[in-house]
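Structure first, commentary second.
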Amino acid sequence: MSGYTWVPRSTGRSLPETAVSGGRDVDGSTIYVGRAFHEGDMIPAKVIPDKGVAYVSWNGEEHAKHDYEVLCKGDFVWEFCSNGSVPEHAVIAGQTSDGEPLYVGRVLHNGSQTIGKVQVSHGCLYIPFDGEELSFKDYEVLVLH
C-alpha cells in the first residue's frame, strides 16, 4: 500500500497541511491520526495539536506522547466494523512487540470522535480517553480507498 506517509513530529511543531484528521475532541479541537512508540509497541494515536500532544492507550491507561508521527496524504474512507474485524486495505499504523498489526480505528464516545487502535486478537477497538484505555466492540476502521 502506498499513497500516504508517516511524518515525525514533536511538541511545539505544527502539523503538515496534509495531516489526516479523524475526529473531534470534546472541546471541539480537531483530532488527527498519528502513532507513537510505547513499551516496545508502535501504537495508533490521537494527535491533538491544540493540546500539543498525542495520546495512546496501553494496559488500561491513556499515555501522553510528545514525540510521534502523524499520517499525511492519502485517499481514505472510514468503514464500520465490529468484534476485531478489519476490512481489506485497512491502515496498519503499527504493531505490538510480538508483531501483531495494530490498525487505526475510531468511535464516538462522550461527544468526542476519538482515534484509537484496533487489536484483532482482542476483538475490539481501544481508545485513550480521560486517562483510561476504553474498549469498544463496534467502531470504524481507516481504509485506503
Side-chain angles (χ1 to χ4, degrees), residues 1-59 61-109 111-129 133-145:
M1 293 278 149
S2 61
Y4 61 89
T5 58
W6 293 97
V7 178
R9 280 291 173 262
S10 58
T11 299
R13 294 183 62 198
S14 61
L15 296 185
E17 287 184 16
T18 58
V20 176
S21 66
R24 291 238 174 250
D25 204 4
V26 291
D27 64 3
S29 300
T30 302
I31 295 175
Y32 293 87
V33 177
R35 66 184 186 180
F37 277 110
H38 186 78
E39 298 293 329
D41 294 354
M42 175 60 95
I43 303 173
K46 65 177 183 183
V47 176
I48 307 177
D50 292 352
K51 295 179 175 60
V53 71
Y55 297 94
V56 298
S57 60
W58 189 85
N59 198 29
E61 297 179 350
E62 176 181 63
H63 301 273
K65 295 294 178 180
H66 298 284
D67 293 303
Y68 52 88
E69 295 179 348
V70 65
L71 182 63
C72 294
K73 301 185 225 171
D75 183 18
F76 301 103
V77 295
W78 292 93
E79 291 189 21
F80 285 100
C81 294
S82 60
N83 301 312
S85 66
V86 293
E88 187 177 356
H89 306 300
V91 175
I92 299 172
Q95 65 182 23
T96 66
S97 56
D98 321 3
E100 180 182 359
L102 296 173
Y103 299 88
V104 177
R106 72 178 182 184
V107 70
L108 188 60
H109 176 70
S112 173
Q113 190 166 42
T114 302
I115 302 295
K117 64 180 178 186
V118 176
Q119 191 162 359
V120 174
S121 67
H122 292 200
C124 66
L125 164 76
Y126 291 108
I127 63 165
F129 195 88
E133 177 181 61
L134 305 176
S135 67
F136 297 86
K137 292 292 188 184
D138 297 306
Y139 49 84
E140 292 177 278
V141 175
L142 187 64
V143 178
L144 190 58
H145 192 256

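In what follows, every heavy atom counts, from backbone to side chain, and hydrogens, waters and symmetry copies are set aside.
Judged by a 6.0 Å distance limit and a 45° cone about the ring axis, K46 is positioned over the six-membered ring of Y55.
Counting non-hydrogen atoms of other residues, nucleotides and ligands closer than 6.0 Å to CZ of F136 gives a total above 12.
Using a distance-only test at 3.5 Å, with no hydrogens or angles considered, a donor-acceptor pair links the side chain of E133 to the main chain of W58. Remark: side-chain polar atoms of R9 are not paired, donor with acceptor, to backbone N or O of V70 under 3.5 angstrom. Using modelled atom types, no side-chain atom of H38 and backbone atom of V56 make a donor-acceptor pair closer than 3.5 Å. T96 contributes a side-chain N or O that, together with a main-chain N or O of E100, makes up a donor-acceptor pair within less than 3.5 Å. A distance-only check finds a donor-acceptor pair linking the side chain of K137 to the backbone of G123 [under 3.5 Å]. Side chain of R24 to main chain of Q113: no donor-acceptor pair is present (N/O by atom type, distance under 3.5 Å, no hydrogens or angles). Between the side chain of D50 and the main chain of S29, no donor-acceptor pair closer than 3.5 Å is present.
Salt bridge K51/D25: present, at least one basic N to carboxylate O contact under 4.0 Å.
Between H109 and F129, the gap from one ring centroid to the other is short of 6.0 Å. F80 and Y139 have their aromatic ring centers separated by at least 6.0 angstrom.
Within the 4.5 Å cutoff, the side chain of P128 has no heavy atoms near those of the H63 side chain. A 4.5 Å side-chain heavy-atom check between Y103 and K117 finds every atom pair outside the cut-off.
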